[in-house]
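Starting from 1, each residue takes its place in the sequence as its number. Please read these numbers as outputs of a predicted model, since none were measured by experiment.
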Amino acid sequence: MMKQLPVTSLLLIIFFSLGSLYSQNTDPKIYDIIDKISADSIEADIRKLVDFGTRNTFSDTVSDKRGIGAARRWIKSEFDNIASDCNCMDVFYQKDFVKKEDGSRIPKDAWVVNVVAIQKGKKYPNRYIIMSGDIDSRASNTMDFKIDAPGANDNASGMAGTMEAARVLSQYEFENSIVYVGLSGEEQGLFGGKGLAQYAKKNNWDIIGILNNDMIGNIEGVDGVISNRDFRIFSEPVPPTETEKERNMRRFYGGEVDGISRQLARYIHKTTKTYMPEMNPMMIYRLDRFGRGGHHRPFNDLGFAGVRIMEAHENYNRQHQDIRTENGIEYGDVIEGVNFDYAKKLTAVNAINLASLAWAPPAPAKVEIGGIVEADTKLRWEAVEGNISGYKIYWRETTAPQWQHSRFVSKNVTNFTLDGVVIDNFFFGVSAVSENGHESVIVFPSGTFR
């Protein structure tokens with residue numbers, strides 16, 4: 001005869017079982033997405049883009065075989081094919097006119113044309129998570145729009161990854177919208193990103209974040225390091241749009257490394273380590289590489305969350321170089337410099353984060369914190385509408401790069417006290433959790449109460 005457990009023991013088992021459930025939060029569909037990403041498909045797209053000879057923003061727009069015009073028409077046709085198969089996408093050109101006087105890298109007046117594909121969310125169609133790659137390429141002289149500039153890694157790899165993510169994720173339905181975009185004019189001053197960011201603001205897009213992919217195919221660094229698992233996530237600490245009041249609050253309450261882009265970077269890091277533990281995501285506490293820029297920056301400039309995802313070990317002999325050999329060194333961004341299996345891995349990193357965020361509920365609004373000169377920390381937030389399972393309260397030591405501790409609370413709870421956790425010694429945040437376990441980005445408190 002089986003011995004009956006005491007009620008207290010049963011309650012403990014249930015409690016820890018639920019805790020384990022919410023701490024794991026793995027979804028089999030995410031593993032399916034990883035398996036569906038194809039290195040062969042990515043390779044075919046990169047080779048097609050390279051075959052256009054040059055994709056300089058100011059190159060030929062009439063030819064069907066050479067130049068950026070042919071490239072963007074082909075990209076749009078691929079997005080159109082995906083849209084036709086799934087009946088789930090709106091595909092269009094978004095463009096802005098730039099003049100020679102608009103920048104030092106503009107040789108002539110021209111249209112900067114982006115190719116946009118939007119997979120509309122079923123529940124929150126005006127909430128968008130964006131993946132971008134760059135269409136354009138350049139040689140040593142960015143003003144030379146006639147010379148060959150294959151741009152195999154910079155940035156046919158990011159563009160091909162974006163297209164492959166669209167092919168795979170179009171097979172699923174999401175609550176939030178996903179945007180797949182090929183941006184132009186990056187090499188001349190981030191004009192494509194500026195145009196789309198302004199378009200988004202004008203049309204009142206609620207942007208969850210942008211994942212900018214710029215060079216995701218090289219594994220052999222100019223420093224001699226070879227790695228097919230390392231990659232970097234660049235994110236700025238706080239939005240450049242913060243007010244003077246917000247800046248002053250940070251002096252007293254903290255948050256120097258807890259802006260919306262940094263939280264997005266932490267989200268990507270966590271999701272990757274959960275579903276792709278063989279990968280080594282490197283959080284880089286910087287907007288971009290030293291003194292350089294990428295197409296997430298225009299979104300950051302308008303107050304949107306955005307990060308850059310890219311290879312960890314760059315080869316400068318293959319970036320922004322005319323194709324040539326000097327002193328036995330081969331220069332040029334040619335197809336031989338791309339590792340397609342690595343591009344597949346970073347495409348999967350993007351796809352699983354797009355899916356996780358697109359399946360997640362909105363983040364809690366108006367998160368506030370209390371507990372000054374007390375032994376406990378109090379948090380409160382506005383309820384998230386819709387079918388959610390609850391919320392997760394996070395905290396970490398002030399010097400820790402990642403969230404260390406968490407506590408799940410039910411969907412009926414909008415304020416909670418962490419007994420014995422002193423507010424002075426930790427940073428805190430709150431996320432919303434869907435019924436399937438997908439979380440929103442963690443929100444750092446923006447106000448206090450007593």
Side-chain angles (χ1 to χ4, degrees), residues 16-37 129 131 161 164-165 168-169 172 174-176 178 208-209 211 213 216 227-235 258 260-284 305 307-310 312 341-342 344-364 388-397 400-409 427 429-444:
F16 285 115
S17 296
L18 287 172
S20 175
L21 171 66
Y22 287 114
S23 65
Q24 292 176 12
N25 279 348
T26 55
D27 184 343
K29 295 193 296 295
I30 297 295
Y31 295 109
D32 292 339
I33 289 169
I34 295 171
D35 292 340
K36 288 177 179 178
I37 302 294
I129 178 68
M131 179 179 179
E164 179 65 5
V168 172
L169 296 184
Y172 301 83
F174 299 98
E175 294 192 347
N176 300 294
I178 303 177
I208 301 167
L211 313 185
N213 286 258
I216 62 170
S227 172
N228 65 356
R229 296 191 176 188
D230 299 338
F231 71 95
R232 293 177 289 182
I233 311 168
F234 287 92
S235 63
D258 280 279
I260 53 176
S261 294
R262 187 62 47 78
Q263 302 300 355
L264 178 61
R266 288 193 178 102
Y267 188 102
I268 296 167
H269 185 284
K270 177 184 176 182
T271 305
T272 303
K273 296 306 293 183
T274 299
Y275 290 99
M276 300 177 67
E278 73 279 9
M279 297 302 289
N280 177 32
M282 302 164 58
M283 290 267 292
I284 308 297
V307 301
R308 177 177 184 152
I309 296 174
M310 70 174 298
D341 286 330
Y342 179 67
K344 171 188 173 179
K345 292 176 182 178
L346 292 199
T347 298
V349 165
N350 279 268
I352 64 174
N353 279 283
L354 291 173
S356 295
L357 287 165
W359 273 319
I388 66 170
S389 63
Y391 306 91
K392 282 185 81 171
I393 299 169
Y394 285 88
W395 65 103
R396 71 179 200 274
E397 296 174 0
Q402 307 294 344
W403 297 103
Q404 298 169 303
H405 316 285
S406 65
R407 176 75 178 268
F408 179 83
V409 297
F427 287 143
V430 182
S431 71
V433 185
S434 73
E435 292 182 329
N436 291 328
H438 292 285
E439 289 186 48
S440 71
V441 175
I442 296 170
V443 179
F444 192 81

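When each of R396, M283, K273 is checked for a side chain to side chain contact (heavy atoms under 4.5 Å, CB included) with Q402, only M283 meets the rule. A side chain to side chain contact (heavy atoms under 4.5 Å, CB included) with N350 is found for exactly one of N213, I37, L169, namely N213.
Distance check, rounded to the nearest 0.5 Å: CD1 of I309 to OG of S235 gives 10.5 Å. One finds the CG atom of D32 at 12.5 Å from the CD1 atom of I352 (value rounded to the nearest 0.5 Å). Atom CG of N280 sits about 10.0 Å away from atom CZ of R229, to the nearest 0.5 Å. The structure places CG of D258 at 5.0 Å from CH2 of W403, a figure rounded to the nearest 0.5 Å. Atom OG of S356 is separated from atom CD1 of I33 by 7.5 Å, given to the nearest 0.5 angstrom. L354 CG to I178 CD1: the interatomic distance, rounded to the nearest 0.5 Å, is 5.5 Å.
Partners of F234 according to the ring pair (Phe, Tyr, Trp, His ring centres under 6.0 Å) rule, which considers only residues two or more places apart in sequence or in another chain, do not exist here. In this structure T347 satisfies the side-chain hydrogen bond (donor to acceptor under 3.5 Å, both in side chains) test with no other residue, sequence neighbours excluded. The side chain to side chain contact (heavy atoms under 4.5 Å, CB included) check on P362 picks up Y124, R127, V384, with sequence neighbours excluded. Residues passing the side chain to side chain contact (heavy atoms under 4.5 Å, CB included) test with N228 are I219, Y342, K345, sequence neighbours excluded. F174 meets the ring pair (Phe, Tyr, Trp, His ring centres under 6.0 Å) test with W359; sequence neighbours excluded. Partners of R262 by salt bridge (Lys or Arg N to Asp or Glu O under 4.0 Å), not counting sequence neighbours: none found.
Closest approach of A265 to I233, counting heavy atoms only: CB-CG2, 3.7 Å. Closest non-hydrogen pair, K36 versus Y172, comes out as NZ-OH, 2.9 Å. Contact between L264 and G209 at its shortest, heavy atoms only, is CD2-CA, 3.9 Å. S389 and S434 make their closest contact through OG-O, 3.0 Å (heavy atoms, listed as atom of the first residue, atom of the second, distance). Scanning all heavy atoms of the two residues, the minimum distance from F231 to M279 falls at CD2-CE, 4.0 Å.
In terms of modelled atom types and a separation under 3.5 Å, the side chain of E164 and the main chain of K344 share no donor-acceptor contact. In this structure, the side chain of D27 does not engage the main chain of H438 through any donor-acceptor pair within 3.5 Å. Put simply, the side chain of R308 never gets that close to the backbone of R232: no donor and acceptor are under 3.5 Å apart. Looking only at distances, no side-chain donor or acceptor of S261 sits under 3.5 Å from a matching main-chain atom of A305. Using modelled atom types, one side-chain atom of Y267 and one backbone atom of E439 make a donor-acceptor pair closer than 3.5 Å. Side chain of S440 to backbone of A432: a donor-acceptor contact under 3.5 angstrom is found.
Looking at R266 and I442, their side chains never come closer than 4.5 Å, going by heavy atoms from C-beta outward. A 4.5 Å side-chain heavy-atom check between V409 and I393 finds at least one atom pair inside the cut-off. Y391 places none of its side-chain heavy atoms less than 4.5 Å from the side chain of S431. Within the 4.5 Å cutoff, the side chain of V433 has no heavy atoms near those of the I388 side chain.
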